[in-house]
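Here is the structure we will look at.
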Amino acid sequence: MSSEDFDVAVVGAGAAGIAAALALRDAGLRCVVLEASGRLGGRAFTDTESLGAPFDRGAAWLHDADNNPLTPIALRQGFTLHEEPGRRRRDILLIGDRPATPEEKAAHDAAAEAWEAAAERRAAEGGPDIPLSDAVPRGGFWDATVEHWFGAIISGVEARCDSLRDYVATALVGRNPQVREGLGTLVARQAEGLDVALGTPVNVVRTGGPGGAVELEGPRGRVRARGCVVTVSTGVLAAGAIRFDPALPPAVLDAVARLPQGMVTKVALRAAGADRLDLPDFGRLGRRVEHDRDRPASWICWPFGRDHAIAYIGGEASRELAREGPGAADAFARAELARFFGPARVERAFRPGAAVTRWAEDPLFRGAYSHARVGHAGARAVLRDAAVADGRLRFAGEACHERYAGTVGGAWESGLRAARALAEALASGTGLHAGSKSAALPESKR
Ligand SMILES: Cc1cc2nc3c(=O)[nH]c(=O)nc-3n(C[C@H](O)[C@H](O)[C@H](O)COP(=O)(O)OP(=O)(O)OC[C@H]3O[C@@H](n4cnc5c(N)ncnc54)[C@H](O)[C@@H]3O)c2cc1C
């Protein structure tokens, strides 16, 4: 890091940080992005090495594409969007060791509709917030399966630990295309032309500096700016990886604690030969939850015709596997797949080894995406509106979005919003020194 002055320092080069930096630059402010890791995009990360073709280790879908700020950007820049028909399509839905009949699949879909409708109805009734699991049907043939899907797999947390109000407020709707080149590629591309210092962790943010300046410190040195946007995950904030001096107000700390990170692990296997398990491209596999401790993986096979089969494992199962290490996740995924096709065929069809994501174990993320603890849906607005040190320190990121929390689009909009608020504070000169000089960070990368 250099000790040169900037108007704004942004901490983190994920979707929120990149969006904030673009908006600040457009507002004519001199901005630097300090990113701890050696790459751009944060939880939107397209891995082009592990599987020989793009593999989105984190975000893959442009949720609610018609209202997603990244959709028009993707289209304008020539990215290829692909949308699968049928939101709940399962090419094979397993009951025990046999595939569900079309009638049974229809009953599953009806149970999912009823589940979502019940949650919406209960939230609309008002009253105190309750666990999501208390608002939905229980005991029906498909209810535990549907709850596992919307809870552990989609939200990264079991429904009993999730706020009903927050779940309904942030529920995913609309079209959900994937990006052939990778959603991570799309996000990282937007940082072109920005001043980003990779490999530059921030450990201390001081807001009581001379002239109202913010000072950011890390092993690479110190940066001084008039304002700062912090975009690291609530998991990173809660772990205390960044020390704030003076300490953050209790309301902000409470909001962070009330928005923990849920967990989703992807395990990607690669085909050994031509056997595609009689599944189409984007083939989907799911199975019924058979008992209380049963936590099925959900599968997407051969995305974009590639030779990958990707297991999604969420919530507690994901955390347990994270503790046991990547070998355990690989074995779990193969055992899950063997339920559909038998162990011998799975062994023949796939190469040894797997690409296993490790978002919870990574100290730069500490989870997949946020949910609100029961009773605390309001925490998102608290973090979003927190204007620390006369508005010179703002927070942004997926957890700060009341509608699109847990998504790349939400993170992006949150970054724009924080940038606007900060630019206004700087323009009104709340205790800030004006002007800054031009400077180049060492090893500044795009
Ligand atoms: C497995 C998985 C699947 C997902 N699927 C989807 C999906 O299909 N669609 C969707 O829209 N969303 C999805 N998401 C969620 C989406 O990826 C996130 O909501 C979004 O990318 C978060 O962006 P952000 O900018 O808020 O945070 P981040 O991407 O976490 O960015 C924060 C940045 O801060 C950096 N950082 C951390 N600590 C420090 C420090 N001390 N100093 C400097 N830098 C630091 C990090 O390295 C990171 O680059 C998924 C996430 C995961 C993990």
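Positions are given from 1 along the sequence. In listed order, ligands and their atoms are each counted from 1.
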Rounded to the nearest 0.5 Å, what's the gap from OG1 on T357 to CZ on R43? Could you check?
-> 13.0 Å
Identity and separation of the nearest protein heavy atom to atom 27 (O) of ligand 1 = R43 NH2, 3.0 Å
Any N or O on N203 sitting closer than 3.5 Å to an N or O of ligand 1?
-> no
To the nearest 0.5 Å, how far apart are CZ in R224 and CG in L216?
-> 11.5 Å
Hey, are R420 and D26 close enough for a salt bridge, meaning a charged N less than 4.0 Å from a carboxylate O?
-> no
Please write down residue, atom name and distance for the protein heavy atom closest to atom 15 (C) of ligand 1.
-> G406 O, 3.2 Å
Check ligand 1 against L364 and write out every atom of the ligand that is under 4.0 Å from a heavy-atom position of the residue.
-> 37 (C), 38 (N), 46 (C), 47 (O)
Could you state the interatomic distance from CG (L22) to CZ (R25), rounded to the nearest 0.5 Å?
-> 5.5 Å
Residue part near ligand 1, for W359, under 4.0 Å between non-hydrogen atoms | side chain
At what distance, to the nearest 0.5 angstrom, does CZ of F244 lie from CG of L237?
-> 5.5 Å
Counting heavy atoms only, which of V10, L40, V202, V408 is nearest atom 40 (C) of ligand 1?
-> V202
Do ligand 1 and A60 have nitrogen or oxygen atoms that lie under 3.5 Å from each other?
-> yes
Atom pair CZ (R319) and CD (E361), whose distance is rounded to the nearest 0.5 Å | 9.5 Å
Could you give me the CA-CA distance, side-chain angles and deciding distance for F332 and I313, then say whether side-chain contact (heavy atoms from CB on, under 4.5 Å) is met?
-> CA-CA 10 Å; F332 177 82; I313 304 161; 3.5 Å; yes
Can R90 be said to sit on top of W142's aromatic six-ring, NZ or CZ under 6.0 Å from centre and within 45° of the ring axis?
-> no
The protein heavy atom nearest to atom 25 (O) of ligand 1 is A16 N, 2.9 Å
Which atom pair, heavy atoms only, marks the closest approach of Y167 to S155?
-> CE1-OG, 3.6 Å
Nearest protein heavy-atom contact for atom 24 (P) of ligand 1: which residue, which atom, what distance?
-> A411 CB, 3.8 Å
Could you list which atoms of ligand 1 come closer than 4.0 Å to a heavy atom of G42?
-> 29 (O), 48 (C), 49 (O)
Which of the ligand 1 atoms, numbered from 1, are nearer than 4.0 Å to a heavy atom of R57 | 1 (C)
Ligand-side contact atoms (ligand 1) for residue partner W61, heavy atom cut-off under 4.0 Å = 7 (C), 8 (O), 9 (N), 10 (C), 11 (O)
Any idea which part of H63 is under 4.0 Å from ligand 1, heavy-atom wise: side chain, backbone, both or neither?
-> side chain
Honestly, for L34 the part within reach of ligand 1 (heavy atoms, under 4.0 Å) is backbone
Atom 32 (C) of ligand 1: the protein heavy-atom neighbour that sits closest, reported with distance to 0.1 Å | T231 O, 3.6 Å
Identify whether the distance between the nearest side-chain nitrogen and carboxylate oxygen of D56 and K266 falls below 4.0 Å.
-> no
Answer yes if the side chains of S50 and R270 hold a donor-acceptor pair under 3.5 Å, and no otherwise.
-> no
Atom 44 (N) of ligand 1: which protein heavy atom is closest, and how many Å away?
-> A36 N, 3.1 Å
Evaluating non-hydrogen atoms only, which member of G199, A59, G218, G184 is closest to atom 4 (C) of ligand 1?
-> A59
Between the CG atom in D129 and the CZ atom in R165, the distance rounded to the nearest 0.5 Å is 5.0 Å
So among D64, T170, N68, which one has a side chain to side chain donor-acceptor pair (under 3.5 Å) with Y404?
-> D64
Any idea which atoms of ligand 1 are less than 4.0 Å away from a heavy-atom of G397?
-> 26 (O)
So for S233 against ligand 1, with non-hydrogen atoms under 4.0 Å, the contacting part is neither
At a 4.0 Å threshold, what atoms of ligand 1 neighbour a non-hydrogen atom of A44?
-> 21 (O)
For S370, which of H401, Q261, R380 qualifies under side chain to side chain donor-acceptor pair (under 3.5 Å)?
-> R380
Identify the closest protein heavy atom to atom 36 (N) of ligand 1: which residue and atom is it, and at what distance?
-> V232 CG1, 3.6 Å
Which atoms from ligand 1 have a heavy atom of V11 less than 4.0 Å away?
-> 42 (N), 43 (C)
Closest non-hydrogen protein atom to atom 35 (C) of ligand 1, residue and atom name please, with distance?
-> E35 OE1, 3.3 Å
Does ligand 1 have any atom that is closer than 4.0 Å to a heavy atom of R39?
-> no
Pair E398-S414, side-chain donor/acceptor within less than 3.5 Å | no
State the atoms of ligand 1, each with its element, that fall below the 4.0 Å cut-off from a heavy-atom position in G12.
-> 33 (C), 34 (O), 35 (C), 44 (N)
